[in-house]
Amino acid sequence: MVSKKIVKLLNEQIALEADSSNVYLAMAAWAEANGWKGTSAFMHAQTEEERGHMKKFMHFLLEVGEQPVVAGMKDPQNTFKDIKEVFKLALAHERKVTASINDIMTEARKSNDYAVTAFLQWFISEQVEEEAAVVQVLDIIEKAGQVSIYLADKEIGAMRQGK
Ligand SMILES: [Fe+2]
Ligand SMILES: [Fe+2]
């Protein structure tokens with residue numbers, strides 16, 4: 001039997017995964033509306049994944065004989081400065097999710113709840129992957145920024161040619 005405290009934490013995680021799905025859906029919409037097709041495709045895939053995570057938590061609660069609770073959601077951010085801001089916010093969001101999953105793991109270990117511990121292990125690994133993917137995207141954006149500086153430098157060099 002899963003403790004009341006852990007059931008509460010798992011229900012809060014359901015809300016957080018649903019919120020993640022919503023946050024990324026808004027990012028997908030903004031990216032699509034602004035012609036950033038790659039970012040839109042990334043975020044459309046992400047919104048589905050997060051919904052999958054939410055359902056995994058729901059199924060687990062049902063399997064241990066608890067009814068999952070579906071909560072209301074707050075409005076996500078719908079406008080962004082640029083795609084760099086989108087992914088910076090996505091990284092901050094993933095870090096918040098990681099911290100939340102770690103907190104549930106700490107609680108499960110404290111109460112020697114092996115079933116919850118085993119269930120959460122997949123999410124611990126998933127968060128490592130998710131954070132790494134977003135860090136990788138931010139690196140791509142950073143490098144792309146340097147490409148334009150490189151092109152500008154070439155043009156600066158061309159200004160003095162033949163003088
Ligand atoms: Fe998630
Ligand atoms: Fe995620």
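Just so you know, ligand 1 is whichever comes first in the structure, and atom 1 is the first atom listed for that ligand.
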Neighbour count above 12 (heavy atom, 6.0 Å) for Glu85 CD =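 Yes, CD of Glu85 has more than 12 neighbouring heavy atoms, counting only those of other groups under 6.0 Å.
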Could you verify whether a donor N or O on one side chain and an acceptor N or O on the other, from Glu142 and Gln146, lie under 3.5 Å apart?
-> no
Minimum-distance pair of heavy atoms, taken over all atoms of Thr98 and Gln127 |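 Closest pair (atom of Thr98, atom of Gln127, distance): OG1-NE2, 3.0 Å.
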Which pair of non-hydrogen atoms, one from Glu130 and one from Glu94, has the smallest distance, and what is that distance?
-> OE1-OE1, 3.0 Å
Going by the ring pair (Phe, Tyr, Trp, His ring centres under 6.0 Å) test, which pairs reach into residues 120-145, not counting sequence neighbours?
->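 Qualifying pairs: His53-Trp122, His53-Phe123, Phe57-Phe123, Phe119-Phe123.
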Within-2.8 Å protein N/O/S contacts of the Fe ion (ligand 1) =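 Glu17 OE1, Glu50 OE1, His53 ND1, with waters left out.
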When you measure from the side chain of Ser40 to the backbone N and O of Trp36, does any donor-acceptor pair fall under 3.5 Å?
->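 No, the answer is negative, given that no donor and acceptor are paired below the 3.5 Å cut-off.
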